[in-house]
Amino acid sequence: MAKPLNYNNLKKKYLSVTLADEKNTVLLIGMPTKSIMDELTSLETTLDTLGDDTDLGSLDEMYRVCAKVMSRNKCGIAISKEYLEEVFDYEDVVIFFNAYTEFIAEIS
């Protein structure tokens with residue numbers, strides 16, 4: 001007989017991200033859901049077609065998706081687009097997405 005599968009007891013891996021805020025908030029970010037993966041893929045496609053000419057709408061979308069990904073953390077800390085706009089510059093967002101995609105690739 002197969003061993004029971006209990007999703008509450010699974011050992012999952014997380015990407016540890018320490019924010020550069022006054023509390024040095026640590027987020028343990030999990031793998032993306034299908035919905036988030038679809039948004040990441042769509043964002044990547046949009047940015048690839050724009051090249052270096054990233055417009056404000058695309059920049060807003062990057063921050064929105066980044067906030068959504070970061071909000072999928074083990075502690076349930078909500079991260080808003082507006083918050084990230086205050087603490088992250090463009091380079092920070094790019095660095096996060098690079099680290100997150102490497103994390104996904106390692107797990108996959």
Side-chain angles (χ1 to χ4, degrees):
M1 181 176 223
K3 188 176 178 180
L5 175 61
N6 183 341
Y7 281 97
N8 295 309
N9 296 332
L10 289 179
K11 299 280 184 191
K12 295 198 174 199
K13 295 184 180 177
Y14 295 91
L15 174 65
S16 178
V17 176
T18 304
L19 299 177
D21 59 8
E22 57 280 347
K23 297 178 185 177
N24 287 325
T25 304
V26 176
L27 302 174
L28 297 175
I29 302 170
M31 288 291 284
T33 60
K34 182 184 181 312
S35 170
I36 291 175
M37 197 65 184
D38 289 345
E39 290 187 57
L40 287 169
T41 303
S42 176
L43 180 63
E44 181 181 27
T45 302
T46 300
L47 294 176
D48 284 347
T49 58
L50 291 173
D52 292 332
D53 299 328
T54 305
D55 63 11
L56 290 178
S58 297
L59 194 56
D60 280 344
E61 186 66 4
M62 282 181 66
Y63 276 86
R64 188 191 67 74
V65 173
C66 187
K68 190 169 184 178
V69 169
M70 287 187 162
S71 290
R72 186 167 164 69
N73 62 75
K74 191 171 184 177
C75 294
I77 299 169
I79 304 295
S80 70
K81 176 177 116 15
E82 294 75 20
Y83 172 76
L84 287 182
E85 289 173 345
E86 293 294 320
V87 297
F88 269 25
D89 61 25
Y90 178 76
E91 184 180 16
D92 293 331
V93 174
V94 171
I95 290 169
F96 171 76
F97 279 130
N98 286 336
Y100 192 63
T101 54
E102 284 179 26
F103 167 71
I104 293 169
E106 285 177 13
I107 302 298
S108 299

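All heavy atoms count here, side chains included; hydrogens, waters and symmetry mates do not. Remember, it's a predicted structure, so these values are computed and weren't measured experimentally.
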#### Entry: Sub-4.5 Å side-chain heavy-atom contact between E39 and R64
yes
### Query
Given side chains that start at C-beta, do those of L19 and V87 come closer than 4.5 Å, heavy atoms only?
no
Between atom [atom1] of [X] and atom [atom2] of [Y], what is the distance when rounded to the nearest 0.5 Å?
X: M62; Y: E85; atom1: CE; atom2: CD; value: 12.0 Å
X: E61; Y: L43; atom1: CD; atom2: CG; value: 6.0 Å
X: Y83; Y: S71; atom1: OH; atom2: OG; value: 11.0 Å
X: D92; Y: F96; atom1: CG; atom2: CZ; value: 11.5 Å
X: I77; Y: L27; atom1: CD1; atom2: CG; value: 5.5 Å
X: N6; Y: N9; atom1: CG; atom2: CG; value: 4.0 Å

### Message
Can you tell whether the side chains of K13 and E106 come within less than 4.0 Å, N to carboxylate O?
### Response
no
### salt_bridge(K34, D38) N-O dist < 4.0 Å
yes
### Query
Taking R72 for the side chain and M31 for the main chain, is one N or O donor matched with an acceptor at less than 3.5 Å?
yes
### Test item: Y100 side-chain N/O and I95 main-chain N/O as donor-acceptor pair under 3.5 Å
no
### Summary
Excluding M1, membership of its hydrophobic cluster (Ile, Leu, Val, Met, Phe, Trp, Tyr; side-chain heavy atoms within less than 4.5 Å) reads none
### Task
Output all residues satisfying side chain to side chain contact (heavy atoms under 4.5 Å, CB included) with K3, sequence neighbours left out; order by chain, then residue number.
none
### Among L15, T33, L40, the one residue meeting side chain to side chain contact (heavy atoms under 4.5 Å, CB included) with V69
L40
